[in-house]
Amino acid sequence: MAATIPPGAAADTGRNGRTGGLGRGRAVADADERATSRTLTDRNVAALARIAAGHAPRRRSCDDRSVPAVARVEPLVTARAVRGPFDYLLPDGCDVGSVVEIPFGRQRLRGVITELAERSEHRLKAPSAVLDVSLPPELVRLALWMADDVVSTRARCLELLLPPDGVGERIRLWAERAGEAAVDPAADDPDAERYPGVRLTANQRALLDRLPGWTGDDLQALRRLEGRGLVTIEPRGHGRRPDHVALGAAAGAPVLNPDQLLAVQRLEDALRGAGGTPGPGEDRFLLHGVTGSGKTEVYLQAAQRALAMGRTALVLVPEIALTPQTVARFRSRLGETVAVLHSGLSKGERRDEWWRLRRGEARICVGPMSTVFAPVSDLGLVIVDEEHDSAYKQDGDPRYDARRVAAWRARENGAVLVVGSATPRPESWNALRRIGLPRRADGGEMPAVRLVDVRGIRTVLQREVHQALTDARKAIVLLNRRGWATWLECADCGHSWECPNCDVSLVLHRGSGVLRCHHCGHVEHPPRQCPACGSVSVGQHGLGTEQLADHLPGHVFRLDADVRDRSGVLQRFQEADHGILVGTQMIAKGHDFPDVELGVVVDADATLRFPDFRSQERTFQLVAQLAGRAGRGGGPSGARASVLVQTRSPEDRALRHAARHDAHGFLVEELERRRQLDYPPFSTLVRVMCEHEDEDRAQAAASVLRERMPEGTLGPVPVFRRQGRFRRQLLLKAAHRGSAVAAVRAAVESVVGTPGARGLVLAVEVDPR
DNA sequence: AGCACGCCGACT
DNA sequence: GTCGGCGTGCTC
Ligand SMILES: [Zn+2]
Ligand SMILES: [Zn+2]
């Protein structure tokens with residue numbers, strides 16, 4: 001029986017997800033599978049004997065060729081110490097991508113079959129069950145590639161691709177009319193007698209009229225009708241669907257402007273050609289469009305065309321917060337075929353959306369990060385919106401970059417890749433074919449950006465900036481520091497307040513009345529006097545958003561990570577007739593405010609002076625994004641909106657380009673600078689952080705590691721202590737990504753396994769932020 | 001990860 | 001003497 005199942009038959013198709021997800025598989029030794037499992041077991045015994053004799057276990061396929069009988073399984077555990085894969089007997093009908101339950105030591109674990117083999121040098125056990133869920137082979141390849149690419153483990157990457165464990169299908173009772181009530185002859189004619197010849201009360205008649213449907217409070221009444229044979233009731237899977245904000249009636253396609261038309265045309269041509277053999281980079285595009293230029297409409301129409309060609313699409317947005325609005329737009333045009341995946345969904349919702357995609361019931365997935373792992377087949381289009389956003393980098397263990405994964409999936413499936421931004425990354429500008437949307441869809445003007453020199457200015461806001469804020473009806477003010485004061489210092493002896501776990505100063509939060517560490521969450525009471533000298537004059541330094549909000553004139557709205565009801569603040573500001581929105585980075589993301597007439601960057605130097613080769617890029621993005629958010633139409637007078645940038649480096653290249661809205665000029669120069677300095681994208685940086693509670697051991701481990709890393713590795717460089725662990729950093733700048741990553745992986749693994757590595761935390765980051 | 005095995009300090 | 005600390009190694 002097993003011999004007739006061709007390899008790939010089971011794992012390659014989305015099997016019925018209906019009998020439940022993980023954990024509810026068919027147990028190999030279970031009741032109605034008994035016959036199958038018995039033959040399996042008998043054959044296993046024989047197979048074991050042959051393996052012991054040095055032969056490969058053989059199975060006969062219909063065309064009499066030998067087929068693999070060994071499954072190489074990656075047990076799903078997080079530990080780095082488990083170095084798979086492990087060999088098991090291949091159960092009937094399984095293939096690469098099948099998910100099995102395996103005996104592993106004395107535990108039972110889930111595992112994914114990542115490879116088949118004909119023989120094994122081990123004594124093999126059989127998996128104890130085959131689960132209903134399986135991964136398409138493409139996603140197995142993705143996990144294996146990703147594990148190497150980001151120096152993580154295969155198991156951790158595989159786990160990312162699977163639906164959540166421990167939730168099954170939701171089962172509810174479904175009722176239908178039956179017997180004499182099966183057909184309602186009066187369905188078309190409201191005056192005719194209903195259910196003729198059947199004795200019914202008015203209540204029962206109403207009950208029958210609402211069927212078919214799910215049972216509820218009326219189950220008892222329905223059961224009585226079931227008893228008379230007028231109704232059937234049976235358990236059925238009742239999929240959970242995430243809530244979606246409605247966006248009115250299904251909307252038609254708006255008229256595109258010429259730029260948009262051209263963009264859609266180019267993507268359509270690429271879609272037509274995709275799947276063939278386009279040249280390198282032929283089907284990878286950068287949609288470079290200013291804020292409000294109508295990028296989303298281009299995405300939508302491209303997705304529509306991909307669907308029409310029988311292919312599927314992924315649409316990535318940077319954050320969960322931006323998902324609902326995008327989903328709503330796609331849904332209002334494309335309907336039920338739009339699924340959504342993100343970590344904010346309940347386990348059940350995620351499971352059900354995963355299966356809708358796996359079975360092909362949904363053919364588009366919209367959302368952040370995890371959407372890039374959607375189990376669709378026939379992928380035709382991958383869209384990454386706001387591609388410059390660093391939220392696309394995961395900062396947990398598989399430190400993957402969703403943009404890189406998106407590019408991999410597009411390449412692997414012959415799909416078209418489209419990344420969009422008003423402020424693209426130099427890497428994308430350099431590598432992708434550019435499509436421009438240079439005009440705002442509403443024809444509005446870009447705001448005037450002015451650099452304000454604050455050298456020698458002792459106040460927080462320069463006089464004109466303060467005046468502009470007083471005059472403006474609505475304004476947004478950006479400052480990238482949370483809290484009231486970022487550090488405290490005794491005026492008499494210079495004592496400062498630092499975190500006991502980290503080598504950083506504690507931040508005063510006045511609203512919550514605490515000193516807080518922004519790196520580990522440590523909290524303590526603010527001092528009344530200096531513990532070193534007893535002085536009561538404690539100076540507050542470093543202005544944060546909380547204090548800034550207090551200084552500003554008029555009605556102030558504050559938005560940062562410390563604010564509890566963030567969407568409420570946004571909404572109130574949006575609806576307000578006048579006021580100032582103050583906050584960190586997050587105020588410049590996503591939502592735009594058409595009636596804001598002034599944007600202010602309080603301290604552009606904070607970003608600019610950050611010691612990192614990307615600081616210029618980030619500064620340009622910060623200013624340009626704020627300019628994009630601020631007013632389309634300007635004030636009530638229709639005056640042009642403006643952006644004021646406070647800086648002590650008004651000659652800075654990034655700032656000057658941003659002030660002229662000249663992304664092109666900035667990117668050309670920035671790329672040239674990076675080429676000369678050998679920075680990405682012309683090289684790859686690999687950073688290894690060694691952390692240990694004991695400083696000497698952190699240092700020693702880093703030194704040993706450095707010896708095993710490729711030539712030219714810099715370090716160990718001490719980095720400030722965090723969460724009680726001393727840190728040492730190694731940095732490698734390499735010309736060739738693949739070999740550098742492989743070498744670092746080997747070095748790290750050689751150190752992780754050795755004695756003396758106890759308590760050592762190693763984090764590898766390729767192309768760190 | 002989870003679990004057993006094993007080798008040293010200190011407690012019934 | 002043995003109880004238990006965790007350092008080490010193994011799981012197909
Ligand atoms: Zn003091
Ligand atoms: Zn801390």
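In the text below, chain A, chain B and the rest are named by the order of the sequence lines, each starting its count at 1.
Here dC12(C) presents its C1' atom at 16 Å from CD of E101(A), a figure rounded to the nearest Å. Residue R119(A) contributes atom CZ, which lies 21 Å from atom P of dC12(C) at whole-angstrom precision. For R123(A) and dT11(C), the CZ to C1' distance is 15 Å, given to the nearest whole Å. The interatomic distance linking R108(A) (CZ) with dC3(B) (P) rounds to 14 Å, in whole Å. Counting to the nearest Å, the P atom of dT11(C) and the CZ atom of R110(A) are 23 Å from each other.
Evaluation of the side-chain hydrogen bond (donor to acceptor under 3.5 Å, both in side chains) rule for S739(A) yields H736(A) as partners, not counting sequence neighbours. For D503(A), the side-chain hydrogen bond (donor to acceptor under 3.5 Å, both in side chains) partners two or more places apart in sequence, or in a different chain, are R721(A). P318(A) is linked by a side chain to side chain contact (heavy atoms under 4.5 Å, CB included) to L322(A), E386(A), D389(A), A391(A), Y392(A), counting only residues two or more places apart in sequence or in another chain. A search for salt bridge (Lys or Arg N to Asp or Glu O under 4.0 Å) contacts involving R687(A) returns E765(A), not counting sequence neighbours.
Using a 4.0 Å heavy-atom distance criterion, P75(A) is classed as making no nucleic acid contact. Heavy atoms of Y88(A) sit under 4.0 angstrom from primed sugar atoms or phosphate atoms, though from no base atom.
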Identify all pairs in which a protein N or O lies below 3.5 Å from an N or O of nucleotides 4-6 of chain B, and state each distance.
| unit_1 | atom_1 | unit_2 | atom_2 | d |
| --- | --- | --- | --- | --- |
| dA4(B) | OP1 | R106(A) | NH1 | 3.3 |

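Under 3.5 Å, the side chains of R708(A) and S750(A) contain a donor-acceptor pair of N or O atoms.
The list of salt bridge (charged side-chain N to carboxylate O under 4.0 Å, His left out) pairs with a residue in residues 363-373 of chain A, not counting sequence neighbours, is empty.
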